[in-house]
Participant: 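So that we are looking at the same thing, I have put the structure below in structure tokens.
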Amino acid sequence: MPSLKNVLVLLVELFAIYLIVVMGRPLPMTPMRVAGIVIGVPAFVLWFIARMQLGKSFSIRPQARELVTHGIYSKIRNPIYLFGSLFIAAIIFYLERPVFLLAFALVIPMQLIRVKREEKVLQEKFGDAYLEYKRKTWF
């Protein structure tokens, strides 16, 4: 069952998407916009599924509540970062603002730093179980 926090975050994000896409001026379909849709829709769906699968283990600061290894997490350790980043890139494509990809490129190293911090916390709490999980999964 999704937590109230996850549902509220999802509603805020859906509203932001609505403001960007629906409330904006009508935009003609161009190859860049089509690429944004093709990347963005599955990225958002997979991001949402990952958020729901993470459940109560979701936190802003690194915390080790539970080692989530099911669903998307059985293949990818950090699907929220991965699919969230793809979704942001998709919005940039959809809005045809590729110059924003330069600013977005600065976000990637920050996400990698967050991943390292989270990995440290998880390894301290779950030890060999986390190392085995890490060995079997990507990113």
Side-chain angles (χ1 to χ4, degrees):
M1 183 81 177
S3 71
L4 179 59
K5 179 173 58 171
N6 281 342
V7 172
L8 290 175
V9 168
L10 172 67
L11 291 174
V12 168
E13 290 163 347
L14 286 173
F15 183 68
I17 293 165
Y18 174 79
L19 290 177
I20 291 169
V21 176
V22 178
M23 296 297 290
R25 57 184 160 73
L27 303 171
M29 279 297 129
T30 63
M32 190 174 283
R33 287 201 176 99
V34 171
I37 292 168
V38 168
I39 294 167
V41 170
F44 181 80
V45 169
L46 290 167
W47 171 88
F48 175 74
I49 291 169
R51 281 290 304 256
M52 293 302 108
Q53 289 175 349
L54 192 57
K56 293 180 180 179
S57 292
F58 175 78
S59 64
I60 302 301
R61 294 178 186 246
Q63 295 180 11
R65 297 179 185 152
E66 175 186 352
L67 185 57
V68 178
T69 61
H70 63 279
I72 294 172
Y73 290 87
S74 69
K75 303 292 181 197
I76 304 171
R77 287 187 308 278
N78 298 287
I80 289 177
Y81 294 138
L82 176 64
F83 298 124
S85 296
L86 285 172
F87 186 69
I88 291 169
I91 290 173
I92 292 169
F93 284 127
Y94 183 82
L95 295 175
E96 293 189 323
R97 301 286 190 247
V99 71
F100 291 162
L101 289 172
L102 296 172
F104 176 66
L106 300 174
V107 171
I108 302 301
M110 291 188 302
Q111 295 289 53
L112 294 174
I113 290 168
R114 288 183 70 184
V115 165
K116 291 296 180 194
R117 287 180 184 155
E118 289 176 6
E119 285 181 342
K120 182 179 178 192
V121 169
L122 291 167
Q123 187 173 344
E124 287 173 0
K125 171 119 185 202
F126 301 110
D128 290 339
Y130 179 72
L131 292 176
E132 180 65 16
Y133 168 67
K134 187 175 176 181
R135 186 183 67 73
K136 292 180 178 179
T137 54
W138 177 72
F139 180 67

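Worth saying up front: this structure is predicted, and the values here are computed from it rather than measured. Along the sequence shown, the residues carry numbers beginning at 1.
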Participant: With sequence neighbours left out, write down each residue that passes side chain to side chain contact (heavy atoms under 4.5 Å, CB included) with Val38, or none if nothing qualifies.
Facilitator: Val34
Participant: Starting from the C-alpha separation in whole Å, work towards a yes-or-no answer on side chain to side chain contact (heavy atoms under 4.5 Å, CB included) for Thr69 and Lys136.
Facilitator: CA-CA 10 Å; Thr69 61; Lys136 292 180 178 179; over 6 Å; no
Participant: Identify the heavy atoms of Gln53 and Ile72 that sit nearest to each other, and give their distance.
Facilitator: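 Closest heavy-atom pair between Gln53 and Ile72: OE1-N, 2.8 Å.
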Participant: Given side chains that start at C-beta, do those of Met110 and Arg114 come closer than 4.5 Å, heavy atoms only?
Facilitator: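 Heavy-atom side-chain distance check fails, nothing below 4.5 Å.
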Participant: Quick one about Arg77 and Thr137 (side-chain donor to acceptor, distance below 3.5 Å, no hydrogens or angles considered), yes or no?
Facilitator: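 Side chains of Thr137 and Arg77: pair found under 3.5 Å.
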Participant: Evaluate the side chain to side chain contact (heavy atoms under 4.5 Å, CB included) criterion for residues Gln111 and Leu82: first the C-alpha distance (whole Å), next the side-chain angles of each, then the deciding distance (0.1 Å), finally the verdict.
Facilitator: CA-CA 9 Å; Gln111 295 289 53; Leu82 176 64; over 6 Å; no
Participant: How close do Ser85 and Ile108 get, heavy atom to heavy atom, and via which atoms?
Facilitator: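 Taking Ser85 first and Ile108 second, the nearest heavy atoms are OG-CD1, 4.3 Å.
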Participant: Quick one: CD1 on Ile76 to OH on Tyr81, what's the gap to the nearest 0.5 Å?
Facilitator: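 The OH atom of Tyr81 is 14.5 Å from CD1 of Ile76, to the nearest 0.5 Å.
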Participant: Would you sort out whether Leu86 and Phe44 count as a side chain to side chain contact (heavy atoms under 4.5 Å, CB included), showing the intermediate values?
Facilitator: CA-CA 8 Å; Leu86 285 172; Phe44 181 80; over 6 Å; no
Participant: Under the 3.5 angstrom rule, does the side chain of Tyr133 hit a backbone N or O of Tyr73 as a donor-acceptor pair?
Facilitator: yes
Participant: Check step by step if side chain to side chain contact (heavy atoms under 4.5 Å, CB included) holds for Leu112 and Phe139.
Facilitator: CA-CA 10 Å; Leu112 294 174; Phe139 180 67; 3.6 Å; yes
Participant: Could you tell me whether Phe93 atom CZ has more than 12 heavy atoms of other residues or ligands within 6.0 Å of it?
Facilitator: no
Participant: Are the side chain of Glu96 and the backbone N or O of Met32 linked by a donor-acceptor pair below 3.5 Å?
Facilitator: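 Absent.
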Participant: Considering non-hydrogen atoms only, spot the tightest contact between Arg51 and Ile80 and give its length.
Facilitator: CD-CD1, 3.2 Å
Participant: Is there a path of hydrophobic side-chain contacts, each under 4.5 Å between heavy atoms of I, L, V, M, F, W or Y residues, that connects Leu102 with Phe100?
Facilitator: yes
Participant: Just how far is it from atom CD1 of Ile88 to atom CH2 of Trp47, taken to the nearest 0.5 Å?
Facilitator: 10.5 Å
Participant: Measure across His70 and Val68 and return the closest heavy-atom pair with its distance rounded to 0.1 Å.
Facilitator: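 His70 and Val68 have their closest heavy atoms at CE1-CG1, 3.4 Å.
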Participant: Please give me the minimum heavy-atom distance between Phe87 and Ala43, naming the atom from each residue.
Facilitator: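 The answer is N-CB, 3.8 Å.
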Participant: If I compare all heavy atoms of Glu66 with all of Ser57, which pair ends up nearest, and what's the gap?
Facilitator: CB-OG, 3.4 Å
Participant: Could you pull out all donor-acceptor pairs under 3.5 Å where a side-chain atom in residues 120-131 meets a protein atom, sequence neighbours excluded?
Facilitator:
{"unit_1": "Lys125", "atom_1": "NZ", "unit_2": "Ala64", "atom_2": "O", "d": "3.2"}

